[in-house]
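Please read the structure below before turning to the comments.
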Number of protein chains: 2
Amino acid sequence: MPENLQLELQTKALLSEAEAKEVLSHVQVKTLKRKEFLLQPGMVSQHMRFIESGALRSYTIEDDGSEHTLQLGVEGWWINDLYSYLTQQASRMFIQATEPAVLSLIPKPALDVLLRKHPGLSYYFLDKFQKAYVALQERTLEQLGNDAKDRYTRFCEQYPQLEQRFPQYMVASYLGITPEFLSQLRSKFRS
Amino acid sequence: MPENLQLELQTKALLSEAEAKEVLSHVQVKTLKRKEFLLQPGMVSQHMRFIESGALRSYTIEDDGSEHTLQLGVEGWWINDLYSYLTQQASRMFIQATEPAVLSLIPKPALDVLLRKHPGLSYYFLDKFQKAYVALQERTLEQLGNDAKDRYTRFCEQYPQLEQRFPQYMVASYLGITPEFLSQLRSKFRS
DNA sequence: TGAATTTCTTAAAGTAGTTTAATTTTCAGC
DNA sequence: GCTGAAAATTAAACTACTTTAAGAAATTCA
């Protein structure tokens, strides 16, 4: 079933078919209905999670009830609370399916062993982790320096597939603006 | 000379005195005058950099001339462009001394070897890296969710030593507001 | 297919933060 | 201790974004 993960491992992590199959032998497949949760506050993230199909969002809820979107992800992406996964501490995040989704989960203990065994896999995850860090740094600088219109246009350029796929209010929450203001921006943008 | 680094390695990375001395044998000491640069755009970060004494700031300059502060650091902290260091790509950042400073530099090739040799050192840097990631994530959520006043008060709580030590306009640029507005916030805060 | 729910839009009034500009204060370095 | 430069303050006018509210459009799933 985890065909997309196998493809990813062979083409991106440069594993042989046999190596990829070995990784897949540890994988649990998880199916989520729309609105179902993959992770909730208080839980510890026990797996690396690859999206085979569907779409998910990770977000926090503040004391005042406001939601802040950390990540939007679709098939072919990894989604996780890396903090909770790496430190094995309780998460403060929700990860929820925004469309029916199928995920491949690699349990941390199994992955830790596999990483030592297959250098290609280590490099792949090291690279993913570095890219996650850099993307976060970019986002921090973006928020410091640019107004909402610029942030939105760059978001559309950078992630054209996401802008179509997620409700506007989630995109607004990712960008740090209200859905009403995003709606205004979009209508100005069209004319 | 690198006494603070030795202390850090022995108490935080839990290295023996002999191990710490081995690390120190690879260290270059660099002295910076106020306003001197440790890193500039286009350069590749070749070292892990520990602040023995003094204070530094890392920041970018946008096309429109505006500055955005990524990190403020004082003695006992590490400061770097991790992206450039890890990927060995050209940096887009400035790192500048805001006070006369002394740094201990560990060249990347030497550190890569040391990390394999001393597990304590690996765990120490893995932990540092995870914390850097988490701090960045916190900052992203902070900026999405809180207004300037809240961000400033939390900054003061979290880093009381920094608020005193750096010019206000750098703190403002770290928080993503103008120095004028930070000045207003501060005067409201006092009364 | 149709009803219920969720999402999006529009607009007016309000607010948080910026800009500009002039003045004062602080501080580095001789 | 002086001096020039850098940093901080203040205030008024302005703008980007939020809030509130109400109606329209789209989507889900029974």
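Throughout, a chain's letter reflects where its sequence line sits, starting with A, and its residues are numbered from 1.
- The distance from atom CG of Leu185(B) to atom P of dG17(C) is 7 Å, rounded to the nearest whole Å.
- When heavy atoms are screened at a 4.0 angstrom cut-off, Tyr169(A) is found touching the sugar-phosphate backbone but no base atom.
- Ring to ring, Tyr159(B) and Phe155(B) are close: their centroids are under 6.0 angstrom apart.
- Each of Arg34(A) and Ile177(B) was matched to the nucleotide of DNA chain C holding its nearest heavy atom; the match closer to the 5' end belongs to Arg34(A).
- Not less than 6.0 angstrom separates the ring centroid of Tyr85(B) from the ring centroid of Trp78(B).
- Following rounding to the nearest Å, Lys35(B) (NZ) and dC27(C) (C1') show an atom-to-atom distance of 11 Å.
- The six-membered or imidazole ring of Tyr174(A) lies away from that of Tyr59(A), with a centre-to-centre distance of 6.0 Å or more.
- Close to dT18(C), at under 4.0 Å from its OP1 or OP2, lies a side-chain N or O of Thr178(B).
- If you measure from atom CD of Glu163(B) to atom C1' of dA8(D), you get 13 Å, rounded to the nearest angstrom.
- In this structure, Tyr152(A) atom OH and dC17(D) atom C1' are separated by 17 Å, rounded to whole Å.
- Here the P atom of nucleotide dC8(C) and the CZ atom of Phe166(A) are 13 Å apart, to the nearest Å.
- When the P atom of dT19(C) is taken as reference, atom CG of Leu182(B) falls 15 Å away, rounded to whole Å.
- Checking dA11(C), dG17(C), dC17(D) against the side-chain heavy atoms of Phe181(B) singles out dG17(C) as nearest.
- Of the candidates dA16(D), dT10(D), dA8(D), the closest approach to any side-chain atom of Pro167(B) belongs to dA8(D).
- For Ser187(A), taking side-chain heavy atoms from C-beta onward, the closest of the listed nucleotides dT18(C), dT20(C), dT10(C) is dT10(C).
- Nearest to the side-chain atoms of Arg186(A) among the listed nucleotides dC17(D), dT9(C), dT9(D) stands dT9(C).
- Between Arg92(A) and Glu62(A) there is no salt bridge, since none of the side-chain N atoms of the basic residue sits less than 4.0 Å from a carboxylate O of the acidic one.
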